[in-house]
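Letters go in sequence order (proteins before strands), and every chain restarts at 1.
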Amino acid sequence: MRYWLMKSEPDEISIDDVLAAPKQTIPWFGVRNYQARNFMRDGMQPGDGVLFYHSSCPQPGIAGIAEVVSAPYPDDTQFDPQSHYYDAKAKREEPRWICVDVKALRKTRLLPLSELRTIAQLEDMVVLQKGSRLSITPVTPGQWKTIATLLKE
DNA sequence: GCCAACGTTGGC
DNA sequence: GCCAACGTTGGC
C-alpha cells in the first residue's frame with residue numbers, strides 16, 4: 001500500500017468529472033513522461049491512495065481523495081492517430097505508455113498549493129520541490145497522514 | 001502572457 | 001556521448 005499525488009487539469013478532468021463517471025473510475029491516460037510512467041508501472045498497486053491534484057488552474061491544490069483500482073495496462077490513446085496523446089513510435093506489441101484506473105472516493109475542500117507550502121511537515125513532499133513538474137509523485141505515509149488531518153479541519 | 005525548470009531531440 | 005535548440009509544464 002503506497003500513496004501518490006496525481007495531477008490533473010480540471011479543465012480536462014476534474015475530481016467532479018471522475019465522481020460523475022461510471023463507477024467513479026477513469027483510466028489515467030495521457031501520461032507521457034518516463035519518470036511518471038515508471039511510478040505507475042513499477043510502483044502502483046490496486047488499493048494505493050491518491051491525492052487528486054488540480055493543476056494549471058486558478059487555484060491549484062488537492063481537490064479530492066482517490067484510489068488506484070487496477071494494475072498498469074497499456075494506454076490506448078498512444079495508438080489512436082486522432083488522439084492528442086498519439087505516439088507514432090508506440091507499437092501494439094511493444095507499448096510505450098501505460099495507465100492505471102483511478103477511482104474517486106470523495107471530493108475534499110480545496111487544499112491550496114500555497115497552504116501546503118506553509119506546512120513544515122510537508123517540506124520534503126516531491127511536488128513541493130523547486131522545479132517539480134512531474135504529474136505523478138510519491139507521497140510518504142507521514143505526508144498522507146498530515147494531509148488527511150488538514151482535510152478534516 | 002511570462003518565465004523558470006526540466007525533458008526530448010537530433011546533429012555532430 | 002555531448003550539448004544546443006526546442007518543447008512542455010505549471011505557478012504566478
Side-chain angles (χ1 to χ4, degrees), chain A residues 2-21 25-44 48-68 72-140 142-144 146-151 153:
Chain A
R2 294 181 184 176
Y3 301 100
W4 310 93
L5 181 143
M6 299 176 79
K7 293 181 186 174
S8 182
E9 300 189 15
D11 283 353
E12 305 293 328
I13 299 176
S14 70
I15 184 73
D16 290 317
D17 295 332
V18 186
L19 283 167
T25 299
I26 54 147
W28 204 270
F29 58 81
V31 171
R32 293 296 181 268
N33 171 283
Y34 289 105
Q35 256 185 288
R37 180 202 68 181
N38 293 349
F39 280 135
M40 281 198 288
R41 186 188 63 190
D42 306 331
M44 280 193 185
D48 283 1
V50 173
L51 300 172
F52 195 104
Y53 182 95
H54 283 175
S55 69
S56 293
C57 57
Q59 262 223 308
I62 294 166
I65 303 292
E67 169 177 52
V68 176
Y73 62 93
D75 176 348
D76 257 339
T77 62
Q78 70 192 300
F79 308 122
D80 177 5
Q82 304 306 315
S83 171
H84 173 63
Y85 297 110
Y86 178 63
D87 183 345
K89 293 177 183 167
K91 302 281 167 248
R92 289 255 175 212
E93 56 278 14
E94 203 178 343
R96 179 183 283 206
W97 305 110
I98 59 159
C99 62
V100 297
D101 290 342
V102 171
K103 177 179 186 176
L105 299 181
R106 63 189 175 93
K107 189 176 182 174
T108 63
R109 79 172 171 100
L110 197 284
L111 177 48
L113 177 62
S114 56
E115 182 177 343
L116 294 172
R117 290 198 187 284
T118 68
I119 313 295
Q121 298 101 294
L122 298 180
E123 65 179 0
D124 291 333
M125 265 189 96
V126 179
V127 76
L128 300 183
Q129 302 312 301
K130 185 177 178 175
S132 168
R133 297 184 314 172
L134 272 182
S135 62
I136 298 177
T137 50
V139 173
T140 68
Q143 290 159 356
W144 178 274
T146 299
I147 287 165
T149 304
L150 288 170
L151 289 173
E153 289 169 2

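A salt bridge is defined here as a Lys NZ or Arg NE, NH1 or NH2 lying under 4.0 Å from an Asp or Glu carboxylate O, and A:Arg92 with A:Asp76 meets this definition.
Between the CG atom of A:Leu128 and the C1' atom of C:dG11 there is a distance of 12 Å, given to the nearest Å. A straight line from CZ of A:Arg96 to P of B:dG7 spans 17 Å, rounded to a whole angstrom. For A:Glu12 and C:dG10, the CD to P distance is 12 Å, given to the nearest whole Å. Taking atom CD1 on A:Ile62 and atom P on C:dG11, their separation rounds to 12 Å, with Å as the unit. Atom P of nucleotide C:dT9 and atom CG of A:Leu5 are separated by 16 Å, given to the nearest angstrom. Per the geometry, CG belonging to A:Leu134 stands 9 Å off C1' belonging to B:dC6, to the nearest Å. Taking atom CZ of residue A:Arg133 and atom P of nucleotide C:dG7, one finds them 14 Å apart after rounding to whole Å. Between the NZ atom of A:Lys130 and the C1' atom of C:dT9 there is a distance of 16 Å, rounded to whole Å.
Considering every non-hydrogen atom in both A:Asp87 and A:Arg96, the closest pair reads OD2-CD, 3.1 Å.
Within 4.0 Å of A:Gln35, counting heavy atoms only, lie sugar-phosphate atoms of the nucleic acid but no base atom.
Looking at the side chain of A:Tyr34, the nearest of the listed nucleotides B:dC6, B:dT8, C:dC12 is B:dT8. With B:dT8, B:dG7, C:dC12 as the choices, the nucleotide that has an atom nearest any side-chain atom of A:Leu113 turns out to be C:dC12. Ranking B:dG7, B:dT9, C:dG10 by closeness to the A:Ser56 side chain, first place goes to C:dG10.
Distance alone, capped at 3.5 Å, places no donor-acceptor pair between the A:Gln78 side chain and the A:Ala90 backbone.
Taking only distance into account, the side chain of A:Arg32 never meets the base of C:dT8 through a donor-acceptor pair shorter than 3.5 Å.
Aromatic rings of A:Phe52 and A:Trp4 (six-membered ring for Trp) have centroids beyond the 6.0 Å cut-off, not under it.
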